[in-house]
Visitor: 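This structure is in structure tokens; I'll ask about it shortly.
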Number of protein chains: 2
Amino acid sequence: MSRMPVDERRAALVAATLAVVERDGIAGASARAIVNEAGMPLGALHYAFTSLDALMDAAADAVTDQERIAAEPPPGAAAGSLADVLREGLAAYVDLLAAHPARELAFLELMLRAARARLDLPAGPGRHARSYAVMAELLEAAAAATGTRWASPTDALARHAVATLDGITTTWLADHDTPAAHATSRFLAAALAHHAVPPADQEA
Amino acid sequence: MSRMPVDERRAALVAATLAVVERDGIAGASARAIVNEAGMPLGALHYAFTSLDALMDAAADAVTDQERIAAEPPPGAAAGSLADVLREGLAAYVDLLAAHPARELAFLELMLRAARARLDLPAGPGRHARSYAVMAELLEAAAAATGTRWASPTDALARHAVATLDGITTTWLADHDTPAAHATSRFLAAALAHHAVPPADQEA
DNA sequence: CCTCCAGTTGGACGAACGTCCAAGTGAGGA
DNA sequence: TCCTCACTTGGACGTTCGTCCAACTGGAGG
């Protein structure tokens with residue numbers, strides 16, 4: 001690793017941390033395991049970060065900054081009603097979860113680590129803020145694509161959606177019941193659709 | 001700890017483990033920390049359990065066996081509509097979460113630990129089975145108390161409810177936004193109520 | 001009262017941990 | 001070409017970890 005910019009080193013170490021946590025869990029994410037994953041000497045960690053804790057914090061930030069909600073616009077253009085669009089999008093997340101459970105598990109482990117550090121802090125602007133924003137954009141896009149509009153503020157609905165997706169994740173990790181997870185995602189889609197004004201009642 | 005039945009020892013160690021995880025997190029739940037919490041000598045751990053891992057497994061089982069949903073029947077008898085009853089019950093959980101976040105965080109940490117161990121296992125009957133059953137009973141009790149009946153199977157609805165409560169928990173742990181958590185609980189209550197037949201349409 | 005042994009204990013052991021620092025290294029200026 | 005020094009490295013240090021086992025203990029049976 002001769003002569004590599006510090007920022008690049010930090011990014012590589014963060015990526016290695018995510019890989020190790022995904023493979024071995026947060027308990028297996030030791031300094032040696034991480035630098036080994038990154039192909040770096042042991043000293044590189046404390047050269048790029050002040051401590052292992054700081055690296056873990058950076059990794060947690062990278063996860064929350066990353067857009068967890070894989071929200072590609074539907075390939076088939078005209079999908080149907082708002083409820084259909086929501087159903088499809090949420091089902092896509094459940095499929096992603098069932099395909100890569102270790103990744104979601106790693107995200108949750110890092111999130112709980114950060115949550116414990118913040119337990120005593122008074123309020124906090126929220127680590128999920130970016131997730132909420134992304135989800136709100138998704139909801140608005142879905143409404144726009146189906147000629148619908150939301151009857152409730154999208155940021156509130158977005159938080160409900162993100163929370164429920166988190167719950168779908170933890171619950172699936174507990175019982176590995178993919179059909180049931182899909183059912184819950186449909187439950188969520190229907191619940192969200194209830195907060196939209198149907199196309200007939202539009203142009204008010 | 002002279003002359004104590006092994007089962008009682010095991011139970012005491014499990015209780016101590018839960019206390020340590022709640023206070024210091026799963027990372028701080030070392031063998032020495034646990035036996036210290038229990039007021040036992042170090043050797044007592046491997047006398048009652050084959051390994052620390054086995055003790056952690058037992059602790060995780062104790063949590064999932066325990067009824068997490070604090071579901072006391074509403075003290076005021078006549079509460080109102082089904083949606084009102086659900087709202088009250090779910091709000092009670094959010095209050096409990098906001099009052100004792102470390103406990104819920106500990107539960108989640110233990111649950112994720114067990115989830116990682118089960119990652120490769122094919123399906124599994126589900127760790128949450130007891131939670132689902134308790135929640136299903138609650139839903140049925142709420143319907144019975146308000147003269148309503150469910151249009152969907154209560155075990156499916158129960159899983160949706162448990163999943164969403166998990167999501168409310170993780171999301172609150174991330175942003176500490178109690179009013180928003182209450183809003184999500186109301187969102188869930190309304191969504192559940194949509195799957196019930198209103199009293200007017202009864203006696204079919 | 002003594003013996004005995006199932007039950008209990010605390011120290012020992014090797015491994016792995018996070019952190020630090022003195023030695024090494026190689027590109028750029030003289 | 002050689003010197004220099006900022007950057008990089010890997011080994012050393014003290015701590016803590018999980019596990020094991022030889023020594024201890026105290027109530028029951030003779």
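Fair warning: this is a prediction, and the values are worked out from it, not measured in the lab. Here is how names work: the chains are called A, B, and so on, in the same order as the sequence lines, proteins then strands, and each is numbered from 1.
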Visitor: Within this structure, what is the CG-to-P distance between Asp57(A) and dG18(C), rounded to whole angstrom?
Guide: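 After rounding, the reported distance stands at 14 Å.
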Visitor: Looking only at side-chain atoms of Pro41(B), point me to the closest of dT8(C), dT9(D), dG10(C).
Guide: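 Per side-chain heavy atoms of Pro41(B), the pick is dG10(C).
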Visitor: Take atom CE of Met40(B) and atom C1' of dG7(C), then tell me their distance rounded to the nearest Å.
Guide: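 To the nearest whole Å, that distance equals 14 Å.
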Visitor: Without hydrogens or angle criteria, can the side chains of Thr169(A) and Asp166(A) be said to hold a donor-acceptor pair below 3.5 Å?
Guide: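 Judged by distance alone, the side chains do not pair up.
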Visitor: Starting at CG of Leu45(B) and ending at C1' of dG11(C), how long is that distance when rounded to a whole Å?
Guide: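 Result: 16 Å.
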Visitor: Quickly work out the Met56(A) CE to dT19(C) P distance and round it to whole Å.
Guide: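 Value for this atom pair: 12 Å.
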Visitor: Counting any heavy atom closer than 4.0 Å, what does Leu42(B) reach on the DNA or RNA strands: base, sugar-phosphate only, or nothing?
Guide: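 Base: the residue Leu42(B), judged by heavy atoms under 4.0 Å, touches a nucleobase.
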Visitor: Roughly how bent is the helix from dC1(C)-dG30(D) to dA30(C)-dT1(D) end to end, in steps of 10 degrees, with each end axis from five pairs?
Guide: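 Answer for the end axes of this duplex: 10°.
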Visitor: Looking only at heavy atoms, which two atoms of Ala29(B) and Ile34(B) are closest? And how far apart?
Guide: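 Nearest pair, atom of Ala29(B) first, then Ile34(B): O-CD1, 3.9 Å.
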Visitor: What is the distance, to the nearest angstrom, from the CG atom on Leu52(B) to the P atom on dA16(C)?
Guide: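 After rounding, the reported distance stands at 17 Å.
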Visitor: With the threshold set at 4.0 Å, does a side-chain nitrogen-carboxylate oxygen contact exist between Arg159(A) and Asp175(B)?
Guide: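 Salt bridge present between Arg159(A) and Asp175(B).
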Visitor: Give a yes or no on whether the backbone of Ala143(B) and the side-chain of Thr146(B) come within a donor-acceptor separation of less than 3.5 Å.
Guide: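 Checking the backbone N and O of Ala143(B) against the side chain of Thr146(B), a donor-acceptor pair under 3.5 Å is found.
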Visitor: Mind listing the residues from residues 24-34 of chain B sitting with a heavy atom below 4.0 Å of DNA chain D? Number order is fine.
Guide: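 Under 4.0 Å from DNA chain D: Ser30(B), Ala31(B), Arg32(B).
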Visitor: Starting at atom CZ of Phe49(A), determine the distance to atom P of dG18(C), rounded to an integer number of angstrom.
Guide: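 For the pair Phe49(A) CZ and dG18(C) P, the rounded distance is 15 Å.
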Visitor: Expressed as a whole number of angstroms, how long is the span from Tyr47(B):OH to dC21(D):P?
Guide: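 Taking atom P of dC21(D) as the reference, OH of Tyr47(B) is at 17 Å.
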Visitor: So that I can tick it off, tell me whether Arg130(B) and Asp61(B) are bridged by a salt bridge, with the cut-off set at under 4.0 angstrom between side-chain N and carboxylate O.
Guide: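 Judged by the 4.0 Å cut-off on N to carboxylate O distance, Asp61(B) and Arg130(B) do not form a salt bridge.
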Visitor: Classify the angle between the aromatic ring planes of Tyr132(A) and His128(A) as parallel (below 30°), tilted (30 to 60°) or perpendicular (above 60°).
Guide: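 If you compare the ring of Tyr132(A) with that of His128(A), the planes turn out perpendicular.
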Visitor: Let me know the distance between NE2 of His46(A) and P of dG11(D), rounded to the nearest Å.
Guide: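 After rounding, the reported distance stands at 17 Å.
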Visitor: Between His194(B) and His194(A), what is the ring plane arrangement, given parallel below 30°, perpendicular above 60°, and tilted in between?
Guide: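 Plane angle under 30°, so parallel.
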Visitor: Salt bridge between Glu109(B) and Arg116(A), side-chain N to carboxylate O under 4.0 Å?
Guide: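 Answer for the salt bridge query: yes.
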Visitor: Would the distance check show the side chain of His182(A) and the main-chain N or O of Thr178(A) forming a donor-acceptor pair, the cut-off being under 3.5 Å?
Guide: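 The answer is yes, because a donor-acceptor pair under 3.5 Å joins these two groups.
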